[in-house]
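Here the structure is a predicted model, which is why all the values come from computation and not from measurement.
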Amino acid sequence: MRVVIAGGAGFLGSHLADALVARGDEVVLIDDLSSGTMENITPLIERGHLFLEADISAPFEVPGQVDAVLNMASPASPPAYLAHPLETLAVGSEGTRRLLDLADEHGARFLLASTSEIYGEPLVHPQPESYWGNVNSVGPRSVYDEAKRFAEALTMAHHRTKGTNVAIVRIFNTYGPRLAAGDGRVVSNFIVQALAGDPLTIYGDGSQTRSLCYVDDEVRGLLALLDSELVGPVNIGNPDERTILDLARAVLEVTGSSSPLVFNPLPTDDPTRRCPDITLATTALGWRPSISLEEGLAHSVEYFASLSRAEENGGG
Ligand code: UDP
């Protein structure tokens, strides 16, 4: 297949690209490099895969055949989307519309990366796909949550009115190598802080929960969905739910760090708990995660430690 990946230089997009290329597919990577980096995709470009520097919320052209279109483009870290509210709304709405048109033009399968954020502050726990969510439409996080909810609505409208071959995945917190060190998400923050001997910054009292999925498991789930005929939405995430305080302790354990914990204010509308019900993914796709938090953290620590060694050696 020749697969277009918007957000292809980002964390998840570049891992997906690697997995597609490893199984023999060709990729076309589109990215405006606002949060993605060329380092993530240099080996793919050297092997002849096409990179287009473009913002998908403005017109862009993709030359040649297109068999699938994956929409992985958006700031995804709360500090990143809160710093770029209008761009986040534009990429989720206008960007998604342009990619759906591209898929229509080529009769390609379209996969939307949606998010557990569409459940907002969930009143149902764990969250099955049938739960409609509880989102504050005028709060600061709404720029991400509502952009993704709109993208889901647009995707379903294309499917219903034009017969577009679509799939929607709701991605729960995913972590691993290539999360940007300064990106602000909890796993990268805690690991970077632990390795530097700096305090781990817990927001609120740390009793809020997240369910963290290692990137290799997430990518395997996304490919299973891409290869299926399922429309979804389907939750792809690891139901191993932990408090943020437990996560901090696990990072200290894996790194062997004696960093202290500091408690900072909880961001507005930070969800209290989040855990995927993955019954649909297991029954319809035969997918379930297999990498434990401790194992995934160990791989991630290795990555961030190698980054800081490269910096010390002046390699950047
Ligand atoms: N968090 C934290 N310390 C940090 C970064 C995040 O305690 O340095 C908390 C954050 O308030 C949230 C959880 O960790 O409750 C996950 O945050 P992240 O930004 O990774 O993802 P989210 O699920 O909020 O999109």
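With a 4.5 Å cut-off on side-chain heavy atoms, Arg160 and His158 do not count as touching. Using a 4.5 Å cut-off on side-chain heavy atoms (C-beta onward), Pro276 and Ser211 make contact. Within the 4.5 Å cutoff, the side chain of Arg220 has heavy atoms near those of the Ser290 side chain. Residues Pro122 and Asn134 are not in side-chain contact: their nearest non-hydrogen atoms beyond the backbone lie 4.5 Å or more apart. Residues Tyr175 and Leu297 meet the side-chain proximity criterion, which asks for heavy atoms closer than 4.5 Å. Between Arg210 and Leu247, every side-chain heavy-atom pair lies at or beyond the 4.5 Å cut-off. Between Asn238 and Tyr214 the shortest side-chain heavy-atom distance does not fall below 4.5 Å. With a 4.5 Å cut-off on side-chain heavy atoms, Pro140 and Asp269 count as touching.
Atom CD of Glu61 is surrounded by 12 or fewer heavy atoms from other residues, nucleotides or ligands within 6.0 Å. The environment of CZ in Arg47 is sparse: at most 12 heavy-atom neighbours from other residues, nucleotides or ligands sit within 6.0 Å. With a 6.0 Å radius and a threshold of 12 heavy atoms from other residues, nucleotides or ligands, His84 has its NE2 atom at or below the threshold. Open room surrounds CD on Glu253; 12 or fewer heavy atoms of other groups in view lie less than 6.0 Å from it.
Side chains of Ser137 and Glu146: no donor on one and acceptor on the other come within 3.5 Å. One side chain, Gln193 or Thr201, offers a donor N or O that lies under 3.5 Å from an acceptor on the other.
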Residues Ile171, Ile236; criterion side chain to side chain contact (heavy atoms under 4.5 Å, CB included); working and verdict: CA-CA 5 Å; Ile171 297 170; Ile236 299 285; 5.5 Å; no
Leu20 and Leu226: CA distance, side-chain angles, deciding distance, side chain to side chain contact (heavy atoms under 4.5 Å, CB included) verdict: CA-CA 11 Å; Leu20 286 163; Leu226 178 66; 4.2 Å; yes
Intermediate values then yes/no, side chain to side chain contact (heavy atoms under 4.5 Å, CB included), Lys148 and Glu117: CA-CA 8 Å; Lys148 291 290 189 181; Glu117 280 282 323; over 6 Å; no
Side chain to side chain contact (heavy atoms under 4.5 Å, CB included) between Val62 and Leu50, intermediate numbers included: CA-CA 10 Å; Val62 177; Leu50 183 62; 5.9 Å; no
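Linking Ile, Leu, Val, Met, Phe, Trp and Tyr whenever their side-chain heavy atoms come within less than 4.5 Å leaves Tyr81 and Val135 in two separate clusters. Side-chain heavy atoms closer than 4.5 Å link hydrophobic residues (I, L, V, M, F, W, Y) into clusters, and following such links, possibly through other members, connects Phe110 to Leu52. Tracing side-chain contacts under 4.5 Å through hydrophobic residues (I, L, V, M, F, W, Y), one reaches Val251 starting from Leu179; they form part of the same cluster. Linking Ile, Leu, Val, Met, Phe, Trp and Tyr whenever their side-chain heavy atoms come within less than 4.5 Å leaves Leu89 and Phe150 in two separate clusters. Follow the hydrophobic side-chain contacts under 4.5 Å out from Leu307 and you reach Val215 in the same cluster.
Distance CG/Leu100 to NE2/His159: 11.5 Å, rounded to 0.5 Å. The OG1 atom of Thr96 lies 11.5 Å from the CZ atom of Arg98; values are rounded to the nearest 0.5 Å. Distance check, rounded to the nearest 0.5 Å: CD1 of Ile202 to CD1 of Ile244 gives 8.0 Å. Rounded to the nearest 0.5 Å, atoms CG (Asp246) and CD (Glu241) are 10.5 Å apart. Taking CD1 from Ile118 and CG from Asp145, the interatomic distance works out to 9.0 Å, rounded to the nearest 0.5 Å. One finds the OG1 atom of Thr37 at 8.5 Å from the CG atom of Asp31 (value rounded to the nearest 0.5 Å).
Remark: the backbone N or O of Met1 is paired with a side-chain donor or acceptor of Asp25 at under 3.5 angstrom. Side chain of His49 to backbone of Val27: a donor-acceptor contact under 3.5 angstrom is found. Side-chain N or O atoms of Arg288 include none that pairs as donor or acceptor with a backbone N or O of Thr282 at under 3.5 Å. Side-chain N or O atoms of Gln208 include none that pairs as donor or acceptor with a backbone N or O of Arg273 at under 3.5 Å. Checked by atom type and distance alone, the side chain of Asp55 never pairs as donor or acceptor with a backbone atom of Asp32 at under 3.5 Å. Not one N or O on the side chain of Arg274 forms a donor-acceptor pair closer than 3.5 Å with the backbone of Phe172. At least one donor-acceptor pair closer than 3.5 Å links the side chain of Ser77 to the backbone N or O of Asp183. Proximity of a side-chain donor or acceptor of Trp287 to a complementary backbone N or O of Leu222 within less than 3.5 Å is not detected. A donor-acceptor pair under 3.5 Å is formed between the side chain of Asn235 and the backbone N or O of Gln127.
The side-chain contact (heavy atoms from CB on, under 4.5 Å) test with Thr155 singles out one residue from Leu99, Asn71, Leu112, and that residue is Leu112.
Considering all non-hydrogen atoms of both residues, Thr42 and Met38 come closest at OG1-O, 2.7 Å. For the pair Tyr203 and Pro265, the tightest heavy-atom approach, listed with the atom from each and the gap, is CB-O, 3.7 Å. Taking all atoms of both residues into account, the shortest heavy-atom contact from Thr243 to Ser207 is CG2-O, 3.8 Å. The nearest pair of heavy atoms linking Ala147 to Val143 is CB-O, 3.1 Å. Contact between Leu285 and Ala224 at its shortest, heavy atoms only, is CD2-O, 3.7 Å. Taking every heavy atom of both residues into account, Leu200 and Ser259 meet most closely at CD1-CB, 3.7 Å.
Ring geometry for Tyr119 versus Tyr131: interplanar angle under 30°, hence parallel rather than tilted (30 to 60°).
Between Glu94 and Arg97 there is a salt bridge, since a side-chain N of the basic residue sits under 4.0 Å from a carboxylate O of the acidic one.
Checked against a 6.0 Å centroid threshold, the rings of His15 and Phe11 count as neighbours.
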